[in-house]
Amino acid sequence: MNKLAVSDCSPLTSNGDIGGVINGHRNSINVADILNLYGKVGSSSFEELSQLKQKTVELKKNQQFFSVCEGRADIFVLREGWASLSHAAGARGQDICNVFMPGDVIGLRESFFENHDVVIHSVTDCEFLKVSAEGLHKLFKNNDEIRNAIISYVMINDNITLERLRSCTHHRSEGRVAHFLLEIYFRFKFKGLLEGDVFDFSITQEVVGELLGITSVHVSRCMTALEQKKYIRKTRNSIKLLEPEEMARNTEFDRDFIYGCVCLN
């Protein structure tokens with residue numbers, strides 16, 4: 001695979017792997033560790049991030065809250081569980097536009113827009129760290145390392161969304177589901193939170209279907225078809241990819257497009 005060699009940011013490491021480990025354990029996930037995966041954050045910058053005001057917020061499964069802070073979205077680090085994000089959609093209600101797993105930052109991109117309300121819904125029991133948006137924005141303005149890491153985070157996660165959109169416009173249901181499983185697999189791998197080839201998959205078929213533009217019945221059928229083809233092995237709350245490389249070829253999943261280095265010079 002081709003790699004983009006840019007000095008400011010190196011999501012793809014020198015040995016060809018991606019990402020790193022978020023402080024070794026999910027219970028230690030914080031905004032400093034996360035941003036350090038996306039850009040070179042030195043010790044002093046890391047310390048500044050660690051000093052940001054943070055507050056633990058817990059949600060039970062199927063709870064939700066509106067996130068808005070003085071006209072801008074709040075920022076949350078997801079430490080445990082799965083959550084979805086929606087935007088108000090008028091008469092249509094609330095449409096899911098993304099899902100989040102441990103090690104994701106919710107509302108970071110939205111916090112740079114005025115009056116950008118979002119709805120966070122807990123798909124499972126969740127633990128968040130609410131991070132001071134005001135404090136993080138000050139660091140963004142005054143610290144080049146932190147600014148570059150934030151921009152890299154937003155751009156790489158936008159790439160994930162673009163890849164998912166491309167899959168939904170080019171593939172039938174089974175290809176969309178296979179592509180999405182690869183997305184989740186590499187998101188865990190990037191953060192160093194993957195144990196072997198088995199990853200937590202506690203989101204419902206309804207959530208997956210809403211995100212991919214298919215029905216939950218189609219999601220169920222596609223999962224069964226992928227298992228019968230021996231591409232995956234699934235349990236109630238986990239997925240094991242048996243043939244990730246073949247799945248990537250069949251779905252044209254482009255890891256390098258997503259995780260290639262961001263040029264900020």
> Are F180 and F253 close enough that their ring centres sit under 6.0 Å apart?
Replying inline: no
>> Quick check on H121: does its NE2 atom have over 12 non-hydrogen neighbours (other residues, nucleotides or ligands) under 6.0 Å away?
In response: yes
> E174 and side chain to side chain donor-acceptor pair (under 3.5 Å): which partner among K229, R221, H218?
Replying inline: K229
> Side-chain contact, heavy-atom cut-off 4.5 Å: N98 with R164?
Replying inline: yes
> Going by heavy atoms in the side chains, are L37 and Y153 under 4.5 Å from each other?
Replying inline: no
> Does F46 offer a backbone N or O that forms a donor-acceptor pair with the side chain of S50 under 3.5 Å?
Replying inline: yes
> Taking the six-membered ring for Trp, are the ring centroids of Y259 and F190 within less than 6.0 Å of each other?
Replying inline: yes
> Between R233 and E227, which heavy-atom pair has the shortest distance, and what is it?
Replying inline: CA-OE2, 3.9 Å
> Between D197 and Y185, is any side-chain donor less than 3.5 angstrom from a side-chain acceptor?
Replying inline: yes
> So do I160 and E183 actually touch side chain to side chain, heavy atoms under 4.5 Å?
Replying inline: yes
>> Any side-chain to backbone donor/acceptor pair from S220 onto S216? Under 3.5 Å, distance only.
In response: no
>> Taking L139's backbone N and O only, do any of them form a donor-acceptor pair with N143's side chain (distance below 3.5 Å, no angle check)?
In response: no
> Do the charged groups of K138 and E134 touch, with an N to O distance under 4.0 Å?
Replying inline: yes
>> What I'd like to find out is whether the side chain of L181 reaches to under 4.5 Å of the side chain of M223, using heavy atoms alone.
In response: yes
>> I want to check something: taking the side chain as every heavy atom from C-beta on, are I96 and L85 in contact at a cut-off of under 4.5 Å?
In response: no
>> As a quick check of understanding, evaluate salt bridge (Lys or Arg N to Asp or Glu O under 4.0 Å) for D104 and R187, giving each step before the final call.
In response: CA-CA 9 Å; D104 284 335; R187 284 168 67 180; 2.8 Å; yes
> For the ring pair F140 and F112, is the centre-to-centre distance below 6.0 Å?
Replying inline: yes
> Do the side-chain N and O atoms of N30 and D33 include a donor-acceptor pair separated by under 3.5 angstrom?
Replying inline: yes
>> So does L165 get a backbone contact from the side chain of T169, meaning a donor-acceptor N/O pair under 3.5 Å?
In response: yes
>> Would you say L211 ends up clustered with V217 if hydrophobic residues are merged whenever their side chains have heavy atoms under 4.5 Å apart, either directly or through other cluster members?
In response: no
